[in-house]
Number of protein chains: 2
Amino acid sequence: MSYTIKDVAKEANVSIATVSRILNGQAGYSEKTKIKVMKVIEELGYSPNAVARGLINKRTHTIGVLFPKLSSSLVTDLLDGIEKAANDNGSSVIVCHTESNGKKTMNYLQLLIEKRVDGIVFASEVLKEEYYQYVKKAKVPIVLLSTESYAFPVPYVKVNDFHAAYTAAKYLIDKGHTEIGMISGNKEDIVAGKPRIDGFRKAMADSRIVCEERNIVNSSGFGFRDGIVGLPKLIEQFPSVTAIFAASDEIAMGVLSSAYQQGIKVPEELSVIGFDNLDLAEMTIPPLTTIGQPLVKMGEVAAQILFKIFETGEIPESRIMPHKVVERLSVKERA
Amino acid sequence: MSYTIKDVAKEANVSIATVSRILNGQAGYSEKTKIKVMKVIEELGYSPNAVARGLINKRTHTIGVLFPKLSSSLVTDLLDGIEKAANDNGSSVIVCHTESNGKKTMNYLQLLIEKRVDGIVFASEVLKEEYYQYVKKAKVPIVLLSTESYAFPVPYVKVNDFHAAYTAAKYLIDKGHTEIGMISGNKEDIVAGKPRIDGFRKAMADSRIVCEERNIVNSSGFGFRDGIVGLPKLIEQFPSVTAIFAASDEIAMGVLSSAYQQGIKVPEELSVIGFDNLDLAEMTIPPLTTIGQPLVKMGEVAAQILFKIFETGEIPESRIMPHKVVERLSVKERA
DNA sequence: GTGAAAGCGCTAACAT
DNA sequence: ATGTTAGCGCTTTCAC
């Protein structure tokens, strides 16, 4: 196959130990031998075998990332951050896209553990007991990203969804709206669904605005279709609605499209605020006001937590990342 | 650390060779010992060490993927396909996002080669001589995705950009348009820029429509901003334009936004066709007619080519994937 | 049907 | 400053 440390040693008339020292920047050789060895390495085009290294060091400098199928720019941003942090720490990342159903998840976990990744970023999915126990038994550090676990002591990185939804609703209220509806995503989703609904409700209650069943449409997911389908439904059950909080930007885009088709003008007749601040939020017509999450940063922090665990062996605290309202043009002040 | 094959062997009162055989489904053991060993494996929660395996087998069952910063859903779709094929072949994928500048590329290539990935998918970037030579010396199979090399014998998977652009222009022409403009992306881009411009020109020429400088606006990239900036420029130099071919969906989205701001109705006053068929093409207002590439399939095919190389050792032929017009609502027939 | 032992490419004592 | 050697966890002859 390709050259080994032995070849280099032989060619340079030194022992493999010396070559190893030079490669790893340890002490124990003269400048002269170093130059000689480096020259041989160069000539041969020798490339150290990270697999062999990994076997000894018990460190593969690889982390695994588990993602369910999600809006692409969400995943991309999160991944960008993870990769950045990994790269800064001399590691690379193996990505595994799990199906939404979750059966693939266990397989991927197994795979990652067999490959002896140094750690795992588990993103946007509920950490089931089965997963947790498996990972725990394998003693692989794990961090949750854009999700959290109530049952297990696993560090996580996410925004406070309850609070963020509260912020969104409050923003609409502050703009003078009182007839406010929500298209909520999946309310069974304990991590991103329920808390956003609760946050919405709380904001309404705190401003003494009645919020009943008719204010909220529960869609099955967080996608474009859910918005397309959701708007007519919401209007039917709540005709006086003047502003909508969509639980995701994709839902919001669906709302925008559906509104356009029905000849409803946004924001003149209907205000819309989204959630996520995806790339495409600034490309919509009109540009979408939304709740922004620092996605890249979140990915970065998640990976950094992993690296901190490698160093200290201790589990650091979780991180609640700040969200903010990104004001664009889809919400109008109500006279 | 965790358990090794030795632990399993000891616990089961057999040799490690036997355990290995059982693990790898080879012959040479009784059903009884198999059951005994499997039981121990189960109890211990033993997980074979893929790193050690890799060292012996010279096969890591990992492939590397190199991507520049691109539109997220483009990357995601391509990656989805790669991962699917990898998974089907018992492999996982390490993703590396290179900067557009390209300096990081060499580092990533080195990294992947040190990690002894079985093969590399090199996507959407120009394969420089330096890269090629390095990978060639390391004897790592490589395949180009959504790009091609004129200088080196490397298999690739992509659509025919010239032809696809021709198709786009022809579509507009067939819809009765004659005043057709293009916002072209970067014309220095030899892989996706130039060919699309040439294809556009050829279609115009074949239909005897004059196509001069004023028909085309060269933007610096393929992004949303380029469309925003490009439309006013195009209108200024070519006021009678009734239809536009945008060299990417993101450019097209920029055109849509810019048109909206200027009160130009799409498709009533201006028809727009894009290129890529990103997820968001169906979410625009109006939904975007565009040239579709089978992105997921392309990723899949690229990875499959790699696996074929592993098997046969031979370099298979490149694959030109079919493109097609995805008709939505942004182009209007001209009376 | 099963075991002993060599060795994959490297690092890390331990010598010298 | 440099070399020797024992593994890391596994697969694979080669014996029995």
Side-chain angles (χ1 to χ4, degrees), chain A residues 1-38 40-41 44-62 90 111 113-118 138-140, chain B residues 1-38 40-41 44-62 90 111 113-118 138-140:
Chain A
M1 205 66 173
S2 58
Y3 296 107
T4 74
I5 199 173
K6 249 184 190 160
D7 299 315
V8 176
K10 196 187 301 175
E11 194 72 21
N13 285 313
V14 294
S15 74
I16 60 170
T18 299
V19 177
S20 175
R21 286 186 192 104
I22 292 174
L23 247 26
N24 294 292
Q26 296 168 348
Y29 51 84
S30 68
E31 192 60 21
K32 228 176 71 186
T33 41
K34 173 173 177 177
I35 291 172
K36 185 174 55 178
V37 169
M38 291 308 277
V40 172
I41 288 177
L44 258 35
Y46 164 75
S47 160
N49 185 328
V51 178
R53 278 182 170 166
L55 188 54
I56 298 182
N57 298 334
K58 274 108 179 53
R59 211 38 170 92
T60 52
H61 292 281
T62 306
L111 188 87
I113 284 170
E114 290 197 0
K115 292 214 167 158
R116 298 298 190 261
V117 294
D118 299 333
K139 298 193 187 58
V140 180
Chain B
M1 205 64 174
S2 57
Y3 294 108
T4 74
I5 197 173
K6 249 185 189 160
D7 299 315
V8 175
K10 195 187 300 175
E11 195 71 23
N13 286 314
V14 296
S15 74
I16 60 170
T18 298
V19 178
S20 175
R21 287 188 191 103
I22 292 173
L23 247 25
N24 295 291
Q26 294 167 351
Y29 52 83
S30 66
E31 192 59 20
K32 226 175 76 186
T33 41
K34 174 172 177 181
I35 290 172
K36 184 173 55 178
V37 168
M38 291 308 275
V40 172
I41 287 178
L44 258 35
Y46 164 76
S47 160
N49 186 328
V51 178
R53 277 182 171 166
L55 187 55
I56 299 182
N57 299 333
K58 273 108 177 56
R59 222 17 181 98
T60 52
H61 291 282
T62 306
L111 186 88
I113 285 170
E114 290 196 359
K115 292 214 167 157
R116 299 297 191 264
V117 294
D118 299 332
K139 298 192 187 62
V140 179

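Every chain is numbered from 1 and lettered A, B, ... according to where its sequence line falls, protein lines coming before strand lines.
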dT2(C) phosphate, OP1 or OP2, under 4.0 Å from Ser15(B) side-chain N/O: no

Taking DNA chain C as the partner, which of residues 29-36 of chain A come within under 4.0 angstrom of it by heavy atom? none

Is it the case that the side chain of Asn57(B) and the backbone of Gly54(B) share a donor-acceptor pair, with hydrogens and angles ignored and the cut-off at 3.5 Å? no

To the nearest 0.5 Å, tell me how far Leu55(A) CG sits from Thr60(A) OG1. 11.5 Å

Could you encode protein contacts along nucleotides 8-13 of chain C as a string, one character per nucleotide from 5' to 3', using B for base contact, S for sugar-phosphate-only contact and - for no contact, with a heavy-atom cut-off of under 4.0 Å? BBBBBB

Any residue meeting side chain to side chain donor-acceptor pair (under 3.5 Å) with Ser2(A), in chain and number order, not counting sequence neighbours: none

After noting the C-alpha distance and the side-chain angles of Lys34(B) and Met38(B), does the key distance pass the side chain to side chain contact (heavy atoms under 4.5 Å, CB included) rule? CA-CA 6 Å; Lys34(B) 174 172 177 181; Met38(B) 291 308 275; 4.1 Å; yes

Which atoms form the tightest heavy-atom contact between Ile41(B) and Leu23(B), and what is the distance? CD1-CD1, 3.5 Å

For Tyr29(B), does the OH atom have more than 12 heavy-atom neighbours from other residues, nucleotides or ligands under 6.0 Å away? yes

So, OP1 or OP2 of dT2(C): does either fall under 4.0 Å of a side-chain N or O from Thr18(B)? no

Contacts of Arg116(B) meeting side chain to side chain donor-acceptor pair (under 3.5 Å) (sequence neighbours excluded), chain-then-number -> Ser47(A)

Mind checking the CD-NE2 spacing from Glu114(B) to His61(A)? Nearest 0.5 Å is all I need. 10.5 Å

Base, sugar-phosphate or nothing for Val14(A)? Non-hydrogen atoms, less than 4.0 Å. sugar-phosphate

Do you know which two heavy atoms are closest between Ile22(A) and Thr33(A), and how far apart they sit? CD1-O, 4.1 Å

With sequence neighbours excluded, what pairs up with Lys115(A) under the side chain to side chain donor-acceptor pair (under 3.5 Å) test? Thr62(B), Ser92(B)

Using five pairs at either end of the helix from dG1(C)-dC16(D) to dT16(C)-dA1(D), determine the angle between the two local helix axes and round it to 10 degrees. 40°

